[in-house]
Structures are given as C-alpha cells and as structure tokens.
Amino acid sequence: MAAAEVRHRTVEVASGVRLHVAEAGPEDGPAVLLVHGFPELWYSWRHQMRALAARGFRAVAPDLRGYGDSDAPPGRDSYTVLHLVGDLVALIADVGQPRVFVAAHDWGAAVAWQLCLLRPDLVTAFVALSVEYHPRNPTRSPVQTLRAVCGDGHYICFFQKPGVAEAEFGRSDIKCLLKKFYGMRKAAPLIIPPGKTLFDSIDSDGTCPAWLSEEDISYYAEKFEKTGFTGGLNYYRCIDLNWELTAPWTGVPIKVPTKFIVGDQDLTYNIPGVKDHIHKGGLKACVPNLEDVVVMEGVAHFINQEKPDEVSDHICGFFSKF
C-alpha cells in the first residue's frame, strides 16, 4: 500500500498511553477498526486497508499498546483485557462514529471478542480471524487448561515466564526470527519439547514466506528492534489475570453479528477440541449471531497476509450487508 494512501496520527486513549493509528479511505465513510495480533503491527492490515478504502470504508488500524509506534507502559498489569478494550473504546470515541465494524486477528481477535462482550453497543458487526471465542470456564483458568490439553511445553505456557522468552528472542536476528514465526505451517499446536528452544520447535527454515517481501520484513524488524517483544508477551502473561477480572461476565453470550475465518493449517485451529467447538455447536451457542464460518484450505495462521484478496473480500462482503 503506497505510503501516500495512509494517514498516520496519534490518539491518547488513556492517561499516559498514546496509540499510533494508521487510516485509509474517506473520513466520512463507515469506520472499520482493524486489530492486529502477535508479533504484528497495523501494517499487517495493509492489504485490507486498501480494499476497504476502495469500497468507501474508513479503515482504522492502530498499533496496540506495547507495539510499534504506540506507547508501551511498563509492567505486566498494564496489559489486561480491560486496559486493551478500554484503548479500543477510546479510539472508537475518537473516530467520532457511534458504532464501528471490527475485524481482528490472533490476539487482536481475542481482544475484539471481549470488546463485543463488554461493549456490544459500539460494534455493528465483527469478523474474527484465526482465534475463536471460548466462554469463560468458571472452574479452571486458561493456562491451566492449556497445560491439561497440551502440556507444559505449549508456547503460551513458555511465554508466562518473564524474561525467559525475551532472552530467547534476543539471541536471534530479528529478521530471521520473524521469518520463522510468519513461516509456521504445521497443522498442530506449537509445542516446545524438553531440551529444545522455541525457535528450534517452529516448523520453518527461516526463509521469507512467499506472501511477504523483504521490505515487509524490514518494516516489522525496524519496529521490533525499537520496542522489543515484552509488550506483546505481556498480553499472554495476563491471560489468567483476565480470567479473574472477567468473572462477572461468566455465561454472557456475545450477540454482535459475527463471521469467523480460519485456515485449516492454523496452529490454533488444530488444538485438541477446537474444531469440535467451532463446528459442533459450541461456538454458535456462545455467539448466537454467528452467521458464517469459513475454513480456508491450505492456509496457515497469518491468514490476512497470506490470502489478502480472499480475506478482504470476506470482510468487505460481510460488512456491506449492514
């Protein structure tokens, strides 16, 4: 996407927290909030921004707190889902429209599901990529569940240890590290066997995926060289704290009209029990206005970049119904 097509600005969303926001499309067009995941940036939505702008939408893509050119508060506890949803609520207010469309991927989807749960009045419709919604289990925390299903070697369990993941990230060239992450294609949970490192456990040889250019990798690397990865890792480290904080919403359904899209090679889709939850009524039970589930064959986790045109068409087509 040509730099001239994108407008950049800074929005204060909380005391001492400013988000860098990229926008494209007419300012009076219906706003679409695009929420990225890990380890990504607003830039992950560059293809969808172009497509949305061409169809008259106003695409609004922030760097989330802790990422890119946005502020990164110190301390894990500044990254709870209530902080992250609060940032999006403040950004929506700044956009100046009473309701917005939302499309989100990976951790962005996890945060956007909570936005739809906590503030459905602000969301017209939602497209979630890669990460499905699971209702809160009142008896077992998410990290306990992951350990029970996948063992202590699951990468999210590994990320719980402050400083340990950062040390491993720091031992690798950032460009090579990102190429390995984006190149993951194994249709299975990411498990770190005993005696192996995280990056030894990723099924990628570190070459640049065909759907990314060296210029794209350089952009991501420049930003992560500046910020490091602690901000993004703190999202994972708040998972169980989020579980505690969201107890009042146990059992509450998400009623926002929703479309869910996932690749059949996505590591999240291949966690034991996830396919049954999505396809055998579990997801529909807690998201009653789930209108469509799309499984894209031969596609892995970073779906909006790997298949930009198809994902853009799904997003634009769904939102155009409203």
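In what follows, every heavy atom counts, from backbone to side chain, and hydrogens, waters and symmetry copies are set aside.
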Any luck finding a side-chain donor-acceptor pair between [X] and [Y] under 3.5 Å?
X: K275; Y: N270; value: yes
X: T207; Y: K179; value: no
X: T145; Y: R140; value: yes
X: D240; Y: S141; value: yes
X: N304; Y: H47; value: no
X: S130; Y: D266; value: yes
X: H105; Y: H36; value: no
X: D216; Y: Y43; value: yes
X: Q114; Y: R119; value: no

Please determine whether residues [X] and [Y] belong to a single hydrophobic cluster, defined as Ile, Leu, Val, Met, Phe, Trp and Tyr linked transitively by side-chain heavy-atom distances below 4.5 Å.
X: V262; Y: W45; answer: yes
X: L33; Y: L84; answer: yes
X: V127; Y: V131; answer: no
X: I271; Y: I202; answer: yes
X: V89; Y: V256; answer: yes

Salt-bridged, [X] to [Y], with N to O below 4.0 Å?
X: R9; Y: E23; value: yes
X: R18; Y: E12; value: no
X: E27; Y: R7; value: yes
X: E306; Y: R185; value: yes
X: D69; Y: K223; value: yes

How about [X]: does its [atom1] atom have over 12 heavy atoms from other parts shown lying under 6.0 Å from it?
X: K259; atom1: NZ; result: yes
X: K284; atom1: NZ; result: yes
X: K226; atom1: NZ; result: yes

How far does [atom1] of [X] sit from [atom2] of [Y], to the nearest 0.5 angstrom?
X: N137; Y: W243; atom1: CG; atom2: CH2; value: 7.5 Å
X: R65; Y: S78; atom1: CZ; atom2: OG; value: 6.0 Å
X: S201; Y: I191; atom1: OG; atom2: CD1; value: 9.0 Å
X: K307; Y: D313; atom1: NZ; atom2: CG; value: 12.5 Å
X: L122; Y: L88; atom1: CG; atom2: CG; value: 10.0 Å
X: I315; Y: F126; atom1: CD1; atom2: CZ; value: 10.0 Å

Could you list the residues that satisfy side chain to side chain donor-acceptor pair (under 3.5 Å) with S44, not counting sequence neighbours?
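Expected list: E40, Y220.
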Among W42, Y79, F38, Y235, the one residue meeting side-chain contact (heavy atoms from CB on, under 4.5 Å) with L64:
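It is Y235, the one option of W42, Y79, F38, Y235 that forms the side-chain contact (heavy atoms from CB on, under 4.5 Å) with L64.
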Please confirm whether F169 and F199 have ring centers closer than 6.0 angstrom.
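For F169 and F199, the ring centres are under 6.0 Å apart.
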Does L198 offer a backbone N or O that forms a donor-acceptor pair with the side chain of E168 under 3.5 Å?
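Flag set: sc E168 to bb L198 pair under 3.5 Å.
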For E222, which residues count as a salt bridge (charged side-chain N to carboxylate O under 4.0 Å, His left out) partner, sequence neighbours excluded?
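Partners of E222 under the salt bridge (charged side-chain N to carboxylate O under 4.0 Å, His left out) test: none.
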Taking all heavy atoms of V95 and all of A31, pick out the closest pair and write down the distance.
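Of all heavy-atom pairs spanning V95 and A31, the closest is CG1-CB, 3.7 Å.
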Does the cation-pi check pass for R136 over W249, that is, NZ or CZ under 6.0 Å from the six-membered ring centre and within 45° of its axis?
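No, R136 does not sit over the ring of W249.
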Worked check of side chain to side chain contact (heavy atoms under 4.5 Å, CB included) between L283 and L290:
CA-CA 8 Å; L283 183 58; L290 177 68; 3.8 Å; yes
